[in-house]
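Right, one structure below, let's go through it.
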Amino acid sequence: MPWPDLRLFWVQTTLLWALSWLASKPLSILPVEEVTPGEGHQARGVSSHRKKCEPKTDIVFLKVHKSASSTVMNVLFRFGEMHNLTFAFPIGGGNQLSYPHHFFARFVQGFSPRSPRQFNILCHHMRFLQPEVQKVVSSSAVYFSILRNPVQLMESSFMYYKGTSAFSRARSLEEFLSQPYHYYNPAKSDSHYAKNLMTFDFGFNPNGEASAKRVQLMLKAIEASFDLLLISEYFDESMVLLKEILCWDLDSVVSFPLNIRDSSTKSPLSDTIVEKIKDWNRLDWEIYTYFNRTFWERIDRDIGRERMQREVQVLRERQAELARTCLQGTGSVAPKDIKDSSLQPLQHGNAKILGYNLKQGLDKEMEHMCRRLVTPELQYSSALYKKQFARKPPQPHQPAPSQQGNVLRHKLEGTQN
Ligand SMILES: *[C@@H]1O[C@H](CO)[C@@H](O)[C@H](O)[C@H]1NC(C)=O
Ligand SMILES: *[C@@H]1O[C@H](CO)[C@@H](O)[C@H](O)[C@H]1NC(C)=O
């Protein structure tokens with residue numbers, strides 16, 4: 001089958017299952033919390049002082065490229081490690097789950113079609129395909145992702161993926177956008193970094209026409225699969241919303257920005273360029289503006305702006321406190337200044353990716369906690385991979401113990417305060 005047909009096939013399949021999923025899913029996607037009288041304004045998923053909700057431990061995170069998703073991944077890694085949760089790792093402990101191909105369950109270490117085994121957290125890079133994802137996680141898993149303004153995303157992608165076929169011959173983003181089809185060939189296997197990258201990661205065709213009908217279908221399909229879409233421009237608000245939905249405590253979502261680049265490779269974009277980027281990434285733009293709207297509606301409905309502001313304040317104070325405790329200096333440093341090589345982030349493309357130095361002389365427990373906050377994703381992922389498969393080697397022929405859920409719930413009691 002020639003490539004364009006195959007893509008069309010994928011899009012159709014994706015839409016079909018999304019629609020059937022929509023039909024099969026109850027209207028309220030998250031389990032409804034009991035609401036104590038007088039707390040009617042605290043919608044489901046929101047913890048209250050009087051009634052505890054249960055921390056969610058089954059999670060699917062679609063790690064959209066270049067959208068602060070490495071920082072979110074660190075949050076998931078830390079929570080999973082702390083609570084001995086299992087991760088759906090790529091086979092061999094790699095960094096991506098069959099990306100840029102659509103996700104396949106069989107690319108997960110320890111998965112076997114004959115006796116499917118479920119994992120708590122799926123968060124490595126993938127191109128989303130729900131029927132396959134469902135084979136490796138619990139049916140009650142919470143699905144979420146994080147989106148970024150496509151204008152900044154494109155600019156970032158151009159720097160980071162400068163070596164890919166579409167970008168390598170263009171001297172600047174301006175030059176690329178002045179005649180994109182001179183550089184961009186949708187048939188190239190790395191072309192997705194150059195156009196509608198979010199659309200692509202969600203499993204859709206990035207070269208599809210942006211008709212109103214098609215956009216509607218795509219938005220509905222995403223909405224049917226995902227419980228929550230976060231917005232990286234409102235990162236702190238996103239983390240507060242996330243902890244509410246997952247019923248986690250605040251400390252679990254405090255983080256330091258990871259995989260961020262030095263501002264020396266950033267330059268302001270003219271209005272003309274901004275418009276060109278929006279046009280070129282029309283599908284991404286539609287996704288972003290739609291879910292930016294529903295994000296704020298969700299906050300208004302579930303939390304309220306006032307409480308959100310207070311919680312964001314507390315989150316920032318806690319982050320500042322951790323920075324004073326854990327870090328040398330005031331924050332991130334250039335790669336050449338990172339003293340501990342195990343904290344050195346992967347350098348890629350033309351971007352200069354920053355990292356951190358830990359304070360000297362921390363006691364063992366504190367050093368461990370601090371180290372986890374600043375460990376780059378590749379190192380953290382491979383450490384967790386080793387731990388998971390040292391503790392419990394892959395046993396593809398043994399069904400998942402049915403007690404696991406209860407045991408975990410039991411273990412997690414008391415983590416919410
Ligand atoms: C996780 O596993 C370790 C080692 O088996 C154990 O000491 C620890 O108590 C467990 N933590 C939780 C939260 O279950
Ligand atoms: C996102 O939503 C906020 C709050 O409603 C709004 O101020 C902002 O302009 C929106 N961003 C975009 C790109 O639509």
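All ligand and atom numbering here is 1-based and tracks the order in the structure. This is a predicted model, so every value here is computed, not measured.
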Contacting atoms of ligand 1, where contact means under 4.0 angstrom from a heavy atom of Met82: 13 (C)
Nearest non-hydrogen protein atom, atom 13 (C) of ligand 2: Tyr288 CE2, 3.6 Å
Atom 5 (O) of ligand 2: the protein heavy-atom neighbour that sits closest, reported with distance to 0.1 Å: Trp296 CD1, 3.9 Å
Step by step, work out the side-chain contact (heavy atoms from CB on, under 4.5 Å) result for Val75 and Val254. CA-CA 8 Å; Val75 165; Val254 175; over 6 Å; no
Give me the atom names and distance for the closest heavy-atom approach of Met126 to Tyr99. C-CD1, 3.5 Å
Evaluate the ring planes of Phe87 and Phe77, with Trp represented by its six-membered ring, and classify them as parallel (under 30°), tilted (30 to 60°) or perpendicular (over 60°). perpendicular
Using 30° and 60° as the class limits, which term best fits the ring planes of Phe79 and Trp248: parallel, tilted or perpendicular? parallel
Counting heavy atoms only, which of Asn149, Asn292, Asp300 is nearest atom 10 (C) of ligand 2? Asn292
Pair Glu244 + Arg307: basic N to acidic O under 4.0 Å: yes
Nearest non-hydrogen protein atom, atom 3 (C) of ligand 2: Tyr234 OH, 3.4 Å
So is there a nitrogen or oxygen of Asn84 less than 3.5 Å from a nitrogen or oxygen in ligand 1? yes
